[in-house]
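Data first, discussion second: the structure below is written as structure tokens.
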Number of protein chains: 2
Amino acid sequence: MSTTAPLRPRKAQIDRTATALFRARGFAATSMRELATALGLEAGSLYSHIKSKEEILHRVCFGLADSFFAGFAAATQEAAPVAAQLRQAIVAHVRVLTHDSAASAVFLHEWRHLSEPARSEFLALRDRYEGAFRALIARGVAAGELHTPDPAFAALTLLASLNWLPNWYRPEGKLSPDEIAHRLAEQLLSGLV
Amino acid sequence: MSTTAPLRPRKAQIDRTATALFRARGFAATSMRELATALGLEAGSLYSHIKSKEEILHRVCFGLADSFFAGFAAATQEAAPVAAQLRQAIVAHVRVLTHDSAASAVFLHEWRHLSEPARSEFLALRDRYEGAFRALIARGVAAGELHTPDPAFAALTLLASLNWLPNWYRPEGKLSPDEIAHRLAEQLLSGLV
DNA sequence: CCTACCGATCGGTAGG
DNA sequence: CCTACCGATCGGTAGG
């Protein structure tokens, strides 16, 4: 999607540390002094690397959006049955969520602290992503592979289940990301009954 | 559960207004001055009704927890098939979420701004609630009514789908709360395929 | 419920 | 990357 220039190492480190703090305490409740301390420097020194606190949040939120879109595109470009494409899209989504669950949690919960116009741009991207899942499910219904009275409703419910993952996923857990993804896909596609 | 004394009207009004602000801006980013302005009074005046900002958050989070437990208890006390009880528990959960979606959103996202020991107490309650769903699903599996390799996993996924509701529910929408609940139950219990 | 105010802390800057 | 600092704002209190 957007061509993202590689970050200088120090800047990338600031982003990573800030992401962990934003996730744990929330964006508004995380101070630049806490962030500086966690990095082993003084508050003022942060500003030789970044312009503002919000700049970090912006980069995290839009960077994750890029990752989700890239994963979806790769998962759905083959001419496979729609149900198989949906499974692959679920796997791709879960891979992004598990590869950096801290950034994912920030993406999911802290975007509202973006100021305009970034906030609206972010929401437009999120809508577009949900729309892609909705369209895929609708194609599946048209092809007779999927059954639901309301693809939009189904897409929201499906993504909601997936997006809860950063709240409990632990890299050292028993299930691998792909095993988690397949289990989620199984439950969501086949139901509990 | 806990016997909650009725609030004086002004206090209840403060809670309602604060809940709407906490939801829209987040707890940390909502100032007592904003809250006072929204209520038409001065910041200092709030403190003749409440002791602290956190007191409001505490009441909202634990009040909702009570509502969820009460709904679950009512839904599962009859001697019905487990699948029917699970459906009723979903309906009860969705009723709480839709009856006050602002308070539900605060319950779901802002609890982490509780200080100890309230935060740990809250998480223990939430775990207990998830455990009740897990146990119900496990009973359904044992009875041969439900099928899942992992009731804990299934409970998390199910609740995640339901808890996304406050993010898009509008009271003036086409579907009533009970219609939404039944549609969610249908999709979660029967799947998309 | 208001006025007047407290100490603490905030994001960010200037100058080196 | 640090020192020293800015004005603004924070949650909360005293006294009426």
Side-chain angles (χ1 to χ4, degrees), chain A residues 6-62 106 109-119 122, chain B residues 6-62 106 109-119 122:
Chain A
L7 297 180
R8 311 177 99 127
R10 193 56 159 165
K11 201 166 178 176
Q13 188 194 15
I14 290 173
D15 280 8
R16 273 198 311 277
T17 306
T19 298
L21 288 171
F22 291 169
R23 178 206 207 162
R25 301 205 203 300
F27 176 78
T30 301
S31 75
M32 296 305 269
R33 280 156 181 84
E34 280 181 281
L35 173 57
T37 300
L39 287 160
L41 37 81
E42 296 302 317
S45 308
L46 287 168
Y47 292 89
S48 47
H49 299 97
I50 59 164
K51 278 179 307 193
S52 70
K53 184 185 180 186
E54 184 175 340
E55 182 200 310
I56 305 175
L57 180 63
H58 189 284
R59 212 161 28 243
V60 172
C61 287
F62 285 83
V106 171
H109 296 124
E110 306 300 328
W111 56 266
R112 65 165 140 193
H113 295 108
L114 292 168
S115 56
E116 295 295 351
R119 184 185 153 120
F122 177 87
Chain B
L7 297 181
R8 312 179 99 124
R10 195 56 161 165
K11 201 165 177 177
Q13 189 194 14
I14 291 173
D15 279 8
R16 272 198 312 277
T17 306
T19 298
L21 288 172
F22 291 170
R23 177 205 207 166
R25 302 204 203 300
F27 176 79
T30 301
S31 75
M32 296 305 270
R33 280 155 183 85
E34 281 180 281
L35 174 56
T37 299
L39 287 159
L41 37 80
E42 298 302 316
S45 308
L46 288 167
Y47 292 90
S48 47
H49 299 97
I50 59 164
K51 278 178 306 190
S52 70
K53 185 185 181 186
E54 184 173 341
E55 180 200 313
I56 306 174
L57 180 63
H58 188 284
R59 209 160 32 240
V60 173
C61 288
F62 285 82
V106 171
H109 297 124
E110 306 300 330
W111 57 265
R112 64 165 140 192
H113 294 108
L114 292 168
S115 55
E116 296 294 352
R119 185 184 153 120
F122 177 87

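As a basis for the values below, the full set of heavy atoms in this structure was taken, side chains included, without hydrogen atoms, waters or symmetry mates.
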Can you measure A/L35 atom CG to C/dT9 atom C1' for me and round it to whole angstrom units?
16 Å

I need the full list of ring-ring contact (aromatic ring centres under 6.0 Å, His included) pairs touching residues 11-48 of chain A, with sequence neighbours left out, sorted by first then second residue.
A/F22-A/F27, A/F27-A/H113

For A/Q13, side chain to side chain contact (heavy atoms under 4.5 Å, CB included) partners two or more places apart:
A/R10, A/R16, A/T17, A/L39

Could you work out which one of C/dC2, D/dT3, C/dG11 sits closest to the side chain of B/L41?
C/dC2

Mind checking whether A/I56 and A/L35 have side chains closer than 4.5 Å, heavy atoms only?
yes

Quick check: do B/R119 and B/H58 have side-chain heavy atoms less than 4.5 Å from each other?
no

Listed partners of A/E54 passing salt bridge (charged side-chain N to carboxylate O under 4.0 Å, His left out), at least two apart:
none

So which protein nitrogen or oxygen atoms get under 3.5 Å of nucleotides 12-16 of chain C's nitrogens or oxygens?
| residue | atom | partner | partner atom | Å |
| --- | --- | --- | --- | --- |
| C/dG12 | OP2 | A/Y47 | OH | 2.9 |
| C/dG12 | OP2 | A/K53 | N | 2.8 |
| C/dG12 | O6 | A/R33 | NH2 | 3.4 |

Under a 3.5 Å cutoff on both atom distances, Watson-Crick or G-U, what's the dot-bracket for DNA chain D ([ ] crossing, | other strand)?
||||||||||||||||

Please list residues of residues 10-27 of chain B whose heavy atoms come under 4.0 Å from any atom in DNA chain D, ordered by number; otherwise none.
none

Whole angstrom is fine here: how far is it from CD in B/E34 over to P in D/dT9?
11 Å

Is any side-chain heavy atom of B/L114 less than 4.5 Å from a side-chain heavy atom of B/F62?
yes

For B/S31, which contact category applies under a 4.0 Å heavy-atom criterion: base, sugar-phosphate, or nothing?
sugar-phosphate

Mind checking what makes side chain to side chain contact (heavy atoms under 4.5 Å, CB included) contact with B/S45, not counting sequence neighbours?
B/L41, B/E42

Measure from the side-chain N and O atoms of B/K53 to the backbone N and O of B/T30, and report whether any donor-acceptor pair falls under 3.5 Å.
yes

Whole angstrom value for the distance that separates C1' of D/dC2 from CD of A/E42
7 Å

Could you tell me which residues satisfy side chain to side chain donor-acceptor pair (under 3.5 Å) with A/S48, sequence neighbours excluded, listed by chain and number?
none

Within this structure, what is the CG-to-P distance between A/L46 and C/dC10, rounded to whole angstrom?
13 Å

B/R112 meets the salt bridge (charged side-chain N to carboxylate O under 4.0 Å, His left out) criterion, sequence neighbours left out, with A/E110

Restricting to side chain to side chain donor-acceptor pair (under 3.5 Å), what partner residues turn up for A/R25, sequence neighbours left out?
A/E34

